[in-house]
J.: 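Below: one structure in structure tokens.
Every number for a ligand or one of its atoms is a count from 1 in the order of the listing.
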Amino acid sequence: MGSETTVDGSDVMVREWEEFAINMAIEAGQVMLSATSKGVNRQTESKASAADLVTETDKGIEKLLFSRILHKYPDHRTIGEETTSSSGVKNNWTDAVTWIIDPIDGTMNFVHTFPLSCVSIGVTLNKEIVLGVVFNPWLDQLFTARRGNGAYLNGKPIHVSACQKMDEALVIAELGGDRDEVKKDAVCQNVQAIMWKCHGLRSLGSAAMNTCSIACGSADAYFEFGLHAWDMCASALILTEAGGCVMDTEGGPLDLMNRRFIAASSVDLGNQLSQLLPVHLKLPSD
Ligand code: IPD
Ligand code: CA
């Protein structure tokens, strides 16, 4: 493989972060499995709505990963779901090396033991994603990508499907965790607009698993309003390194802090999906 990390950090450095991130992801996966075997995954608190859950395991994994990162790399920065939601403060995303982490993406699945949740670890430098690691311990699936070096599932290269048309696409849509009336109405209108125009509609309950499914060719397109940077960061790189694309729901470049996300096997398919959506929510940025 080439070594084409074009940002300030050399690929040797990003490789070191990758190895470190993979070890952390596997450790986090073990914590998830052990929590489930003890039944503590079902002890929840709610955040923005009754469908936006957090467990002690989410908080514990985030704390563990942040302490590992800051111990090894004291000058790096961190952004994580649980720290951000408990502080109520906007993310201070800078050009510095920043680890953007979702300790458990798919917490609702985790709570119910539906086997599609994962830890998601992304790294940005100069606001570009340079590393993505996503690990689903239930299916033992480790997705990895370094910028410019392709995407891998358990060490084997992966690629998006050849699907170019909406009427042949397996499309993913999510209800999401926000349950206000504007959001509910937008989800209904958008789903209705695409549901009979594609091969089928799915909802895996984890933004990272949704996006990685497109990266390995098992699904073709996905949209959601209301995601956060930690839901998108790692898997966005995995998808683009697998030959796919990520974009704003209105077709421009993806802004990780803007909470609007289309992922697709090609730019063409992403644009087709964008044009079919009747409602493009504008949400407060992260
Ligand atoms: C959620 C999942 C879900 C998506 C929600 C996210 P969480 O993340 O990715 O699929 O629909 O919008 O918040 O809360 O499980 O980390
Ligand atoms: Ca989460």
J.: Could you tell me whether Arg259 and Asp178 have a side-chain N and a carboxylate O separated by less than 4.0 Å?
T.: yes

J.: Using a 6.0 Å cut-off, check whether atom CD of Glu19 has over 12 heavy atoms from anything other than its own residue.
T.: no

J.: Just checking: Ile104, one of its N/O/S atoms, less than 3.0 Å away from the Ca ion (ligand 2), yes or no?
T.: yes

J.: Show the protein residues that qualify under the rule heavy atom under 4.0 Å from an atom of ligand 1, listing them in chain and number order.
T.: Glu81, Asp102, Ile104, Asp105, Gly106, Thr107, Glu174, Gly176, Gly205, Ser206, Ala207, Glu224, Leu227, Asp231

J.: Just to confirm my numbers, could you give the angle made at the Ca ion (ligand 2) by OE1 of Glu81 and OD1 of Asp102, rounded to 10°?
T.: 90°

J.: Decide, yes or no, whether a salt bridge links Glu18 with Arg15 under the criterion of side-chain N to carboxylate O below 4.0 Å.
T.: no

J.: Are Glu56 and Lys63 close enough for a salt bridge, meaning some N to O gap below 4.0 Å?
T.: no

J.: Quick one: do Glu62 and Lys59 make a salt bridge, cutoff under 4.0 Å?
T.: no

J.: Linking I/L/V/M/F/W/Y whenever their side-chain heavy atoms sit closer than 4.5 Å, directly or via other members, would Val14 and Ile238 fall into one cluster?
T.: no

J.: Can you confirm whether Lys165 is buried at NZ, in the sense that more than 12 heavy atoms of other residues, nucleotides or ligands lie under 6.0 Å from that atom?
T.: no

